[in-house]
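See below for the structure under consideration.
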Amino acid sequence: MNSLAPFLRQALRAGPASKSFVRHESSARRHTKALRLHPHSSMKITEDSPATDHIIFNPPSSAPTPLITPRLFLPKDDPRHAVLPEPVLPENHRMPPPVRKPYQKTYHLNPADFRQMRNLRKQNPKLWTRNALAHKFNCSTLFVGMVTQASEERLKEVAEMGEKLKDRWGNKRRLAREERVIRRSGWGGADAL
């Protein structure tokens, strides 16, 4: 019998859930090698370098041109307007199609409609969701949300449904969602700390 047999049996008993990805030396070296960049020759400290802090003059590869700043962002009295060419659109210039069909906003609902919306939502919140009310009253779901909110019971019910779905998540999805929450908490800048 092979000396590895006990280890193989143990690995097979543990099942696929215990497998985890381990980066080996061969692949780790490839990934870290790209990060080992030598400093640029102009940035190296030599015997001729001053002993104290100093400014290193390292100019950009090319001088800036007036074409860098678009005309739209220049002040009206800026002298660069004389240098920059006037934008010319071809005769058959076509704009890309709109993302959604343009529409005219309508203000057709009155307080009686608002009361009816609230009553329908109270009577059967499962049937009269934001989408259903928006279709019935020909308005946006955002507007329905401003007129009527779901009851506390309905909010709890939806939260429970969400928790049931989360119970079916695997480790990868759960960890990814937790990391997303952590990342989003940092979006607020110093306020989120």
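Judged by distance alone, with hydrogens and angles left aside, the side-chain atoms of Arg118 form a donor-acceptor pair with the main-chain N or O of Val147 at under 3.5 Å. Listed for the His81 side chain is a donor-acceptor partner under 3.5 Å among the backbone atoms of Pro75.
Between the CD atom in Glu160 and the CD atom in Glu157 there is a gap of 7.5 Å [rounded to 0.5 Å]. Here CZ of Arg130 is found 9.0 Å from OG1 of Thr148. Values are rounded to the nearest 0.5 Å. Separating the OG atom in Ser140 from the CE atom in Met146 is a distance of 6.5 Å, to the nearest 0.5 Å. To the nearest 0.5 angstrom, Leu72 atom CG is 9.0 Å from Leu74 atom CG. To the nearest 0.5 Å, atom CZ of residue Arg184 and atom CD of residue Glu179 are 13.0 Å apart. A distance of 9.0 Å separates NE2 in His135 from OG1 in Thr141, rounded to the nearest 0.5 Å.
The two residues Ala150 and Arg154 come nearest to each other via the heavy atoms CB-CG, 4.0 Å.
Sorted by first and then second residue, the pairs that involve residues 162-175 and meet salt bridge (Lys or Arg N to Asp or Glu O under 4.0 Å), not counting sequence neighbours, are Glu163-Lys166, Arg174-Glu178.
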Steps toward side-chain contact (heavy atoms from CB on, under 4.5 Å) verdict (Lys136, Trp128): CA-CA 9 Å; Lys136 178 175 173 53; Trp128 293 108; 3.6 Å; yes
Worked verdict on Arg121 versus Met117 for side-chain contact (heavy atoms from CB on, under 4.5 Å): CA-CA 6 Å; Arg121 192 79 188 257; Met117 262 191 219; over 6 Å; no
For residues 105-113, dump all side-chain donor-acceptor pairs below 3.5 Å to protein atoms at least two apart in sequence or in another chain.
| from | atom 1 | to | atom 2 | distance (Å) |
| --- | --- | --- | --- | --- |
| Thr106 | OG1 | His108 | ND1 | 3.0 |
| His108 | NE2 | Phe137 | O | 2.9 |
| His108 | NE2 | Asn138 | O | 3.4 |
| Asn110 | OD1 | Ala112 | N | 3.2 |
| Asn110 | OD1 | Asp113 | N | 3.0 |
| Asp113 | OD2 | Asn110 | N | 3.3 |

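The same ILVMFWY cluster, assembled from side-chain heavy atoms under 4.5 Å apart, contains both Leu127 and Leu120.
Ion pairing between Glu153 and Lys156 fails under the 4.0 Å rule for side-chain N and carboxylate O.
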